[in-house]
Structures are given as C-alpha cells and as structure tokens.
Number of protein chains: 2
Amino acid sequence: MNAEAATEAKPRDREATRQRLLRAARSLFAEHGYEQVTVRMIAAAADANIALVGRYFGSKAGLFGEVLAGEPTVARVIEGDPEGLARRLGEYAAERMYSDPESPILRSLERSAGDPEIQELVRERLRNAIIAPMTAGLDGPDAQARARLATAVFLGIGTMRRLLGPEVPTPADVDRITAVFELCLRPHT
Amino acid sequence: MNAEAATEAKPRDREATRQRLLRAARSLFAEHGYEQVTVRMIAAAADANIALVGRYFGSKAGLFGEVLAGEPTVARVIEGDPEGLARRLGEYAAERMYSDPESPILRSLERSAGDPEIQELVRERLRNAIIAPMTAGLDGPDAQARARLATAVFLGIGTMRRLLGPEVPTPADVDRITAVFELCLRPHT
DNA sequence: GCGGCTAGTAAACGAGCGTATACTCGCCTG
DNA sequence: CAGGCGAGTATACGCTCGTTTACTAGCCGC
C-alpha cells in the first residue's frame, strides 16, 4: 500500500527508466525552466536514482538537450500552410496565455539562459525549429526578420503569462493577437 | 601604482559606497539578470566588501528591489502623449534590438524569475511602472489587456535580442514594429 | 588628544548544486 | 545451479552561493 507503483510497474528496465527520466525532465523543465530544476527533482519525479541522470544522459545539460531534441510541440503550429499560420499562432498564443494543459517545452526557452552551453542549445533550437521553418513559409528578402519578430511576439506572450499569470482570453483577444501575427508576417507595408 | 583609485577616491563614505554598490548592481543586473549575478561580482565591481551588500541592503533581493525602484528608464517612453506611444515603443524596441548603449533594467525583467520573492518584485514593477501607466493612456474596457499585449511584444523583442544577438534594424523594421504596437494598442478592430 | 561610534574587512558557515564513485542486487546465460 | 554483467543505489566530493560573525581601523566630538 506504500508508494511502490507510482504510475506503472518498475522492473529493471534501462529503457523504461530512461524514458521516465526524460518525461519527468520534460515536464519539470517546461514548468520551471532549466535553472530552477535540479537533477534531484527530476530523479524524484521519475522515481529513479540521481546518478542515473549522469549515467544515461551524461549531464543535466545533456538531458536538457535530449528533451529539446525530442520536442515536436511547435512544429504542428508552425508547419502547414503559411496562409493560416498567423491564425494558428494567435490561437496557440492565446490559449497559452490562458492555460497550459499540455506543457510545451517552448515555455522554458525564454527563461533558460544562464549556462552558456544551455543558451547555445536554446538558440539552436529556436533557430532550427521555429524561425527556420517559419521563414521557409514566407516570401521576400526580409522573411527572416519577419519570422524573428513573430517569434519575439510569441515568446513575449509566454513571458507575460508566466510573470503575471494566465488571463482568460476573449475571442477578441484571439483576433487581435492573430492580427498582430499577420502584421508581423506580412511581406511589406 | 597598484589598483587603488579605480574610478574615484574611496574615503570612508557610507553613502558613496552605497551608491557604488547600487550602480554596479544596476549595471550587472541589467546585463546578466538577477540569477546570474552574484553578490561577489557586485562587490568586486563596486570595489567594496561583500558583507556591505548585506549591511546596506539587507540581502541580494533587497538590493535588486532598490535597483528596480530607482529605475526611471521606461517611464520616459511610456508616459507622454498616447498618440505617439506606439512610435516611441517601436523606436525603443528596435533600437534595443540593435544595440543597448545605456543598459535598461527592463532587460533583466524577463530573465529574473527564479526566487519567488524576486518574481514578486518583477511582477509589481511590471504592473506599476509599465502596464499601469500604459493603460492610463488608453480608452476602452479592454485597455489593460491591450497594454498587456503591447508589453508582451516589448518583452519578447528583448528576449529575442538577448537570445539571438542584436540585428541591425532597418527603417522598415522600425515601421513594422511601430505598426505592431499600434495594432496592439488600438481600441477595437 | 583620545574614546567611542561606525565604515570597512576577512573569514567562515551552512545549504544546495551537479557530478563521480563504490557498492548491491536481480536477472539471464551457459 | 553458478557466474557475471549491468541496472539501480547510497553516499560523498568539490564547488559556489548568500549570509553572518568577529574583528580592524578611521573620523569626530569632547
């Protein structure tokens, strides 16, 4: 009757333990950001030993990198027809402003920037997984600058939500945010 | 001939030392954010003893709070006629994206959020010094939501600049960013 | 001229961190 | 059934952090 089977049985299974650590890390990083999460928290959440983080991922930074790499969350929003991109971004950002049912790792991007190694990981992820595919769907020479601006708005909304707490978005909010994204992404004034 | 007079003479002057610590802290916090700055760094930069931080400001958090309180930087941009607010925000954000000649403490807002006490300070500062005065210049029932969105864009641009490095803003960028702020602040669609 | 208030100093403390090491135990092969 | 490989564990190491304490030394009023 004690805390034996938290989520599922735990036989000696390297891969299963690895996955538990990965899932726990993903959840915690998304919730609190890289710096605020300790390997002890991750190990406890995964019901695993601290040393296994080092054993399976080399280091905390390595684990974070693997979490980032396995994160498909935003691709669904960004890829797809460029026509509805602004709308999808608007809805996603508005919903993110309200409540965060699934925890997207994107949320940790803005607040994980202490260790230079981590900053490099975040930068690369930001470029390759967000700005690059977004730029690919745009026309014009300043496509990257526009994608960058849209990403800035996206991150900023997340930051505000984190700092000030969620706020129920009205349909008007979604429309306004969508319009902002459209303006960011529009080829030229 | 050794490192005696770094910037100015240093007689036993409580107030002067306090100010040196305050200035050093302001600069470092703005550059690296709260978490990344240690009291040892501050004391070294101020050419003062570590213990004085505790003595004069109570704690590192207290020092940060005093730095925040004495920061008039953004008021100049936000206050003034609401007509040109979007333009001023646009120019400031664009310039901030490019280069940061004077170091505004605002930059540390987004990345200083670990300690709950600090988060509370940042939240309060964000509300009182940015959102509230911005809301005051707007009309309509959703004025605060609009100010909040504009602030989100503002912070997001800062975050991007910090993560990806500065990028030379073209006049078109300034215009686009200004248009974004106008859209954020406009009463209704 | 000197005693006491006070600015400034040096050093250490305790806690928390990421990481590494030495060990135990369960399972699977031969 | 015996042996060993590897998953999992307990624990400690080294470091840095913010903070505190005990001390030194300069100025100012009497």
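Numbered from 1 within each chain, the chains take letters A, B, ... in sequence-line order. No experiment lies behind these values; they were computed from the predicted model shown.
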Residue pairs, two or more places apart or on separate chains, that pass side-chain hydrogen bond (donor to acceptor under 3.5 Å, both in side chains) and touch residues 50-70 of chain A: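 Applying side-chain hydrogen bond (donor to acceptor under 3.5 Å, both in side chains) to every pair that reaches into residues 50-70 of chain A, excluding sequence neighbours, yields A:R18-A:E66.
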What is the distance, to the nearest angstrom, from the [atom1] atom on [X] to the [atom2] atom on [N]?
X	N	atom1	atom2	value
B:R14	D:dC27	CZ	C1'	15 Å
B:I118	D:dG18	CD1	P	11 Å
B:D13	C:dC5	CG	C1'	16 Å
B:Q19	C:dG8	CD	P	13 Å
B:L52	C:dT6	CG	P	15 Å

Would you say a side-chain N or O of A:T17 is under 4.0 Å from OP1 or OP2 of D:dA7?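 Answer no for this pair, as no side-chain N or O of A:T17 is under 4.0 Å from OP1 or OP2.
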Any side-chain N or O of B:Y56 under 4.0 Å from OP1/OP2 of C:dG8?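 Answer is yes, contact under 4.0 Å.
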Do A:F64 and A:F57 have their ring centres less than 6.0 Å from each other?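 Between A:F64 and A:F57, the centre distance exceeds or equals 6.0 Å.
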Which heavy atom in A:A61 sits nearest to a heavy atom in A:L121, and how many Å separate them?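 In terms of heavy atoms, the two residues are closest at O-CD1, 3.8 Å.
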Can you tell me if CD on A:Q144 sees more than 12 non-hydrogen neighbours from other groups inside 6.0 Å?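 Open.
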For a quick check, with a 4.0 angstrom heavy-atom cut-off, what is the B/S/- contact string for nucleotides 16-26 of chain C, read 5' to 3'? -BBBBBB--BB
What contact category does B:F57 fall into here, base, sugar-phosphate, or nothing, at under 4.0 angstrom with non-hydrogen atoms?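 Nothing, no nucleic acid heavy atom in range.
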For a side chain to side chain donor-acceptor pair (under 3.5 Å) check, start with the C-alpha distance between B:T178 and B:D175, then their side-chain angles and the critical distance, and finish with the verdict. CA-CA 5 Å; B:T178 298; B:D175 288 343; 5.4 Å; no
Hey, is A:R186 close enough to A:E182 for a salt bridge, meaning N to O under 4.0 Å?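 No, no charged N to carboxylate O under 4.0 Å.
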